[in-house]
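In what follows, chains are A, B, ... by sequence order, proteins preceding strands, each numbered from 1.
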Protein chains: 2
Amino acid sequence: MKKPRPSAAFDKKFGQFVKKKRIELDMSQTGLAAKVGNNFQNISRLERGEISPTLFWCYKLADAFEMDLADLIKELGYKYKK
Amino acid sequence: MKKPRPSAAFDKKFGQFVKKKRIELDMSQTGLAAKVGNNFQNISRLERGEISPTLFWCYKLADAFEMDLADLIKELGYKYKK
DNA sequence: TAAAAACTAACCATATACGGTTAGTGTTCT
DNA sequence: AGAACACTAACCGTATATGGTTAGTTTTTA
């Protein structure tokens, strides 16, 4: 068993949130990928919490969801505690 | 001349914003690094726009600044245009 | 002025992200 | 049933991030 990234729990929660949003907007992973200039494999990995998205990535996601990143973050509601 | 990352302009702006915030709060790069569990070299790289921080990273930064990430993003005021 | 601290910048090794490919599963549609 | 679509999951090669080291410059402090 290899050790998880420090961001593992956060990434998983964020991925689930993205998936929920995407489905609410009736988009496929392929469709979302096209909007953010990425491929559907990475969308899949993101939603499963396998990767830690950059802030820039998240901006493009928010754009695809037609909302401000600040609002997306607020909706996510994750509170980081050291 | 090697081609810049697509996020280059964004990263630079974010880095400048972080630097401004850090100085306002009278923190050194070393001090900030300690708060976010990182090293000062990476803070330097971040501020110079050399790297593209993960969303998780940004959460810890916001925490070090004692503010919500959503508010930090709002203050940054960057609007991504595809 | 001299020492200490802060920062930039290169380099290196390792970890993670990324893009693409292939394969397999499940669902929907005709 | 068969075809098309959506998704997961592995693999591989390349790019980028990360942590650490070293060196050099600027700024602050004594």
Side-chain angles (χ1 to χ4, degrees), chain A residues 1-65 69 76 78 80 82, chain B residues 1-65 69 76 78 80 82:
Chain A
M1 52 190 88
K2 67 172 104 87
K3 67 178 167 190
R5 286 163 292 126
S7 59
F10 175 82
D11 294 340
K12 188 167 183 179
K13 172 146 185 173
F14 185 72
Q16 291 170 340
F17 177 73
V18 167
K19 182 169 191 170
K20 179 174 137 301
K21 265 288 168 190
R22 174 178 63 79
I23 291 177
E24 275 174 15
L25 294 171
D26 198 31
M27 284 193 250
S28 67
Q29 290 181 335
T30 302
L32 178 56
K35 286 205 175 207
V36 302
N38 211 323
N39 53 56
F40 82 95
Q41 291 93 334
N42 282 332
I43 300 292
S44 178
R45 282 182 265 221
L46 173 68
E47 289 184 352
R48 283 176 284 132
E50 285 191 0
I51 58 182
S52 204
T54 62
L55 186 59
F56 184 64
W57 234 102
C58 296
Y59 253 106
K60 291 191 287 186
L61 276 174
D63 200 57
F65 292 157
L69 178 57
L76 173 62
Y78 189 93
Y80 174 72
K82 177 179 48 188
Chain B
M1 54 190 90
K2 67 174 107 87
K3 68 178 167 190
R5 286 162 294 125
S7 59
F10 176 83
D11 294 340
K12 187 166 184 180
K13 174 147 184 172
F14 185 72
Q16 291 171 339
F17 177 72
V18 168
K19 182 168 190 169
K20 178 173 137 303
K21 267 286 168 190
R22 174 177 63 80
I23 292 177
E24 276 175 14
L25 294 171
D26 198 29
M27 284 192 249
S28 67
Q29 290 180 337
T30 302
L32 178 57
K35 286 206 174 205
V36 303
N38 212 322
N39 52 56
F40 82 93
Q41 291 92 336
N42 282 332
I43 300 290
S44 178
R45 282 182 266 222
L46 173 69
E47 289 184 352
R48 283 177 283 133
E50 285 190 0
I51 58 181
S52 205
T54 63
L55 186 58
F56 184 63
W57 234 101
C58 296
Y59 255 105
K60 292 190 286 186
L61 275 174
D63 200 57
F65 293 156
L69 178 58
L76 173 62
Y78 190 94
Y80 176 72
K82 179 174 44 189

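In this structure, CZ on A/R45 lies 9.0 Å from CG on A/N38, to the nearest 0.5 angstrom. Interatomic distance, CZ of B/R5 versus CD1 of B/I51, reported as 8.5 Å (0.5 Å rounding). Expressed to the nearest 0.5 Å, how far CH2 of B/W57 lies from OG of A/S52 amounts to 12.0 Å. Atom CG of B/L32 is separated from atom CD1 of B/I23 by 11.0 Å, given to the nearest 0.5 angstrom. Interatomic distance, OH of B/Y59 versus OG of A/S7, reported as 13.0 Å (0.5 Å rounding).
Where A/Q41 and A/R5 each meet DNA chain C at their nearest nucleotide, the meeting point lying more 5' is that of A/R5.
Donor-acceptor pairing under 3.5 Å is recorded for the side chains of B/E47 and B/Q29.
Scanning DNA chain C 5' to 3' for nucleotides with an atom closer than 4.0 angstrom to a non-hydrogen atom of chain B gives a first and last hit of C/dC7 to C/dC11.
At least one side-chain heavy atom of B/F65 sits less than 4.5 Å from a side-chain heavy atom of B/M27. Taking the side chain as every heavy atom from C-beta outward, B/K20 and B/E24 approach each other to under 4.5 Å. Two residues are said to be in side-chain contact when any heavy atoms from C-beta on lie closer than 4.5 Å; A/K13 and A/F17 fail this criterion.
If you measure from atom CZ of A/F56 to atom P of D/dT16, you get 13 Å, rounded to the nearest angstrom. Atom-to-atom, CG of A/L55 to C1' of D/dA17 comes out at 15 Å; the value is rounded to the nearest Å. Taking atom CH2 of B/W57 as the reference point, atom C1' of D/dG19 lies 12 Å away to the nearest angstrom. Atom CD of A/Q29 is separated from atom C1' of D/dC7 by 6 Å (rounded to the nearest Å). Rounded to whole angstrom, the span from the CZ atom of A/R22 across to the C1' atom of D/dT8 amounts to 12 Å.
Of the residues in residues 43-54 of chain A, those with a non-hydrogen atom less than 4.0 angstrom from any atom of DNA chain C are A/R45, A/E50, A/I51, A/S52.
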Derivation and outcome, side-chain contact (heavy atoms from CB on, under 4.5 Å), residues A/L46 and A/V18: CA-CA 8 Å; A/L46 173 68; A/V18 167; 4.3 Å; yes

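Regarding contacts with the backbone of D/dA17, every side-chain N or O of B/N42 stays at 4.0 angstrom or more from both OP1 and OP2.
Using the six-membered ring where Trp is involved, B/F10 and B/F14 have ring planes that are parallel, under 30° apart on the 30 and 60° scheme.
One axis for each end of the helix from C/dT1-D/dA30 to C/dT30-D/dA1, each built from five base pairs, and the angle between them comes to 50° at 10° resolution.
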